[in-house]
2 protein chains.
Amino acid sequence: MAITDPEKRILQAARKVFVEYGFVGARMQRIADEAGISKASLHYYFRSKEKLFDRIFAEYMDRVMPLLNTWNDDSDDWESKVRLFVRQLTTIYGDTSLHFMVQELRRDPAKLISRLEKKKRGRNRFITYYERLMADGLVREQDPRALAITMHAVCAYPQLNAPMMGAALRMNNKGYEAYLKNEYTEQATELLIRLMKK
Amino acid sequence: MAITDPEKRILQAARKVFVEYGFVGARMQRIADEAGISKASLHYYFRSKEKLFDRIFAEYMDRVMPLLNTWNDDSDDWESKVRLFVRQLTTIYGDTSLHFMVQELRRDPAKLISRLEKKKRGRNRFITYYERLMADGLVREQDPRALAITMHAVCAYPQLNAPMMGAALRMNNKGYEAYLKNEYTEQATELLIRLMKK
DNA sequence: AGCAGGGCTGACCAAATGGTCAAACTGGTT
DNA sequence: AACCAGTTTGACCATTTGGTCAGCCCTGCT
């Protein structure tokens, strides 16, 4: 609790509370407490719950969206590219609390759309890239869309639905988390590469 | 709006409202309206919001849980087994509103645990099955846990995070949904089978 | 008709919650 | 000291929401 800019303290508190409880479940009082100020002060800095939420949500959005469009690189070494991509996806999806975004996106899809239209220029880069690789005969012929979905699914889902998958594998919280971090990511990467290999 | 058992009408209304808004966002008044009765009547049948919610949640849980343990069959024809499994997963995950369960499970993981302990007898059946197949040299050698996760991920995620993936693929709602139903499921099945083949 | 009991509801309540406001406090400037 | 602008807050408000309750209505029984 260092003496820092109140606005930053508020944002940090809001992040925490919104991610944990979602927009509907979050309480302004709680955010104020967490930031160490009064609720009135909170409203002094951010006029409304909605305004504050939008700020937080946009933040997360801007961090995740680029991942849907990566793959600028045009090199032929797609294998290490996949490795890098998976590493990025899992880490960002992990500490970015994807579940928060999924939840809020469902509550108000308009938010995504408006924020998305701007960046929607051109086709998905992974797809373009993979099509090029196919044309050059470097990878297996298949619908790159299914591949794209699979990549994201394999990285995101185990974290998104951790309680269920952990239970299915008969692991407790710690064990499942450890498995994800220590073994699964590596295994998933290999699976994905195998899917693309000719 | 046929004249049916009020309790059934309530349950149906509750299902709809809880799934759409989640426990925190759901309103008892709304459920009552949807069921065509007064809020007081609603409380007459189900003492509290929590009690009503538990009933609904348990319902969904009982429908999804078996999927985590399928694979009774011991035949060697694992390929058609995979095909069947994927079909089941996608349909049940689809109309069962997996997002609802994921959301509520995160809100109160204890609910899963208590309801899970009962069925937690023995190991995961898919894993046991796959280990047998490996021992018999019928499939590729690999950690079946990663495979189990991948299967669920590939079936659930595209529906769970539809807005994001749809956007990533530059499709509108309808288009994305159509793609999932008409092509993706098939492609995903083939991907999974290819992952297991020797 | 009278009555009993379950189903159903309008009116009501207490608590929670997002938001407002006038007043107090702070540090810097003249 | 007087003043000013930006910051902070306790007290307060209107609304929403889960839940309660006394009583009405309906049906079947005597």
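Letters A, B, ... mirror the listed sequences (proteins, then strands); counts begin at 1. None of these values were measured; they are calculated from a predicted model.
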For side chain to side chain donor-acceptor pair (under 3.5 Å), just list the numbers for A:Gln88 and A:Arg83, CA-CA rounded to whole Å, side-chain angles, deciding distance to a tenth of an Å, and then say yes or no. CA-CA 9 Å; A:Gln88 285 181 329; A:Arg83 275 181 235 281; over 6 Å; no

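Across all non-hydrogen atoms, the minimal contact from B:Trp78 to B:Ile193 is CH2-O, 3.8 Å. Between B:Ala168 and A:Asn124 the shortest heavy-atom distance is O-ND2, 2.9 Å.
By the neighbour-count criterion of 12 heavy atoms within 6.0 Å, atom CD of A:Gln12 is sparsely surrounded, having that number or fewer from other residues, nucleotides or ligands.
Among the heavy atoms of the strands lying under 4.0 Å from B:Ala26 are primed sugar atoms or P, OP1, OP2 only; no base atom is included. Heavy atoms of B:Phe46 sit nowhere under 4.0 angstrom from any nucleic acid atom.
Aromatic pair A:Phe126/A:His152: centroids not less than 6.0 angstrom apart.
Looking at A:Tyr60, A:Phe53, A:Phe57 one by one, the single match for ring pair (Phe, Tyr, Trp, His ring centres under 6.0 Å) with A:Phe18 turns out to be A:Phe53.
Atom-to-atom distance recorded for B:Asp143:CG and B:Ile127:CD1 is 7.5 Å, nearest 0.5 angstrom. With rounding to the nearest 0.5 angstrom, the CZ atom of B:Phe46 is 11.5 Å from the NZ atom of B:Lys51. A distance of 5.5 Å separates CE of B:Met151 from CG of B:Leu192, quoted to the nearest 0.5 Å.
Taking a heavy-atom distance under 4.0 Å as the criterion, the stretch of DNA chain D touched by chain B extends 5' to 3' from D:dT17 to D:dC21. Boundaries of the chain B contact region on DNA chain C are C:dG6 to C:dG10, first to last in 5' to 3' order (nucleotide atom under 4.0 Å from a heavy atom).
Across the helix from C:dA1-D:dT30 to C:dT30-D:dA1, the helix axis at one end is tilted relative to the axis at the other end by 30° (nearest 10 degrees, each axis from five pairs).
A side-chain donor from one of B:Tyr179 and B:Gln187 sits under 3.5 Å from a side-chain acceptor of the other.
Heavy-atom nearest nucleotides on DNA chain C were determined for A:Ala40 and for A:Gln29, and the one closer to the 5' end corresponds to A:Gln29.
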